[in-house]
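Just so you know, residue 1 is the first one in the sequence shown, and it goes up from there. All values derive from a computational prediction rather than experimental measurement. Counting starts at 1 for both ligands and their atoms, in listed order.
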Amino acid sequence: MPKKIAQEIFSRQDITPLKALELKEADLDTLCDCANEIRRHFMGNSFDLCTIINAKSGSCSEDCAYCAQSSRYPVDAVETYPLLDARDMAREAAYNAQSGVHRFSLVTSGKRLGKRDLHGICQALAHIRDHVDIKLCSSNGLLSQDDFEQMKQNGLTRYHNNLESSAAYFPRICTTHTYEQKIASIRAAQKAGLSVCSGGIMGLGETMEDRISLAFTLKRLGITSVPVNILSPIPGTPLEHMPVLDNDEVCRIIAIFRYKPL
Ligand code: SF4
């Protein structure tokens, strides 16, 4: 089955979620070999290396069940601080550029940026654009098209907003904002002329059906930069006792995401 589906993808036929689901029972070695062929066929051997800075940490009003930065959970290990100074962000961007990183993302905790923090992020973006040879991304929650246009004017080219899981499973993970709000923000970023990076966290208790549903939602949104994160349960969060996915399961998930037609 993996070989047949891979052939269909090479000939640019669309596969259905139902067909993708058949891959969950496939022999793991064959599945991964074919996924590797798909990667080689469409992407070659080059890759885009990106890093992030946690530009504002903790004190978040939201209740994402995996997150140490939510103010709702008794997590000891999280550092809390307001938005960093633009020059500190630029210094970190320069260090990353010198280390061979292609893209650098300014990540902030919180549902969205307030006016003052939006201004601070725009200042940092402009400073990095003018002084550092690196592409810029940011991840700052549920922003509007106006916000994205301001950020683009200051050098932003890509916006990050993970959908995290399927539309059906997301309300089990977060109740303080919705999947629809996330999609609206992704579309607003695209309308502002930004490319979008969006993926999810695996191991939140979701099924393979949820993961495949996420992959197809991302496909419908035209997203080709897809982070596949694996939950590292954090003491104090509601998911602290969630079992960690084993290596075979992680390989299977990443391989199946490769079968998402481009
Ligand atoms: S909105 Fe972001 S920072 Fe806040 S709890 Fe959710 S993931 Fe964490």
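- Ring pair F148/Y159 is perpendicular by interplanar angle, where above 60° counts as perpendicular and below 30° as parallel.
- The nearest protein atom to atom 7 (S) of ligand 1, hydrogens excluded, is given as Y66 OH, 3.3 Å; this is a heavy-atom distance.
- Of the protein's non-hydrogen atoms, C60 SG, 2.3 Å is the one closest to atom 4 (Fe) of ligand 1.
- Residues V250 and I230 share a closest heavy-atom pair of CG1-CD1, 3.9 Å.
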- Query: Run the side chain to side chain contact (heavy atoms under 4.5 Å, CB included) check on S109 and K56 step by step: do they pass?
  - Reply: CA-CA 6 Å; S109 60; K56 177 185 175 191; 4.0 Å; yes

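- Near S109, with a cut-off below 4.0 Å to any heavy atom, the atoms of ligand 1 are 3 (S).
- Scanning all protein heavy atoms for the shortest distance to atom 8 (Fe) of ligand 1 gives C67 SG, 2.3 Å.
- Of the protein's non-hydrogen atoms, the one nearest atom 6 (Fe) of ligand 1 is C64 SG, 2.3 Å.
- Between E209 and K24 a salt bridge is recorded (basic side-chain N to carboxylate O distance below 4.0 Å).
- In this structure, R40 pairs ionically with E37, as a charged nitrogen and a carboxylate oxygen lie closer than 4.0 Å.
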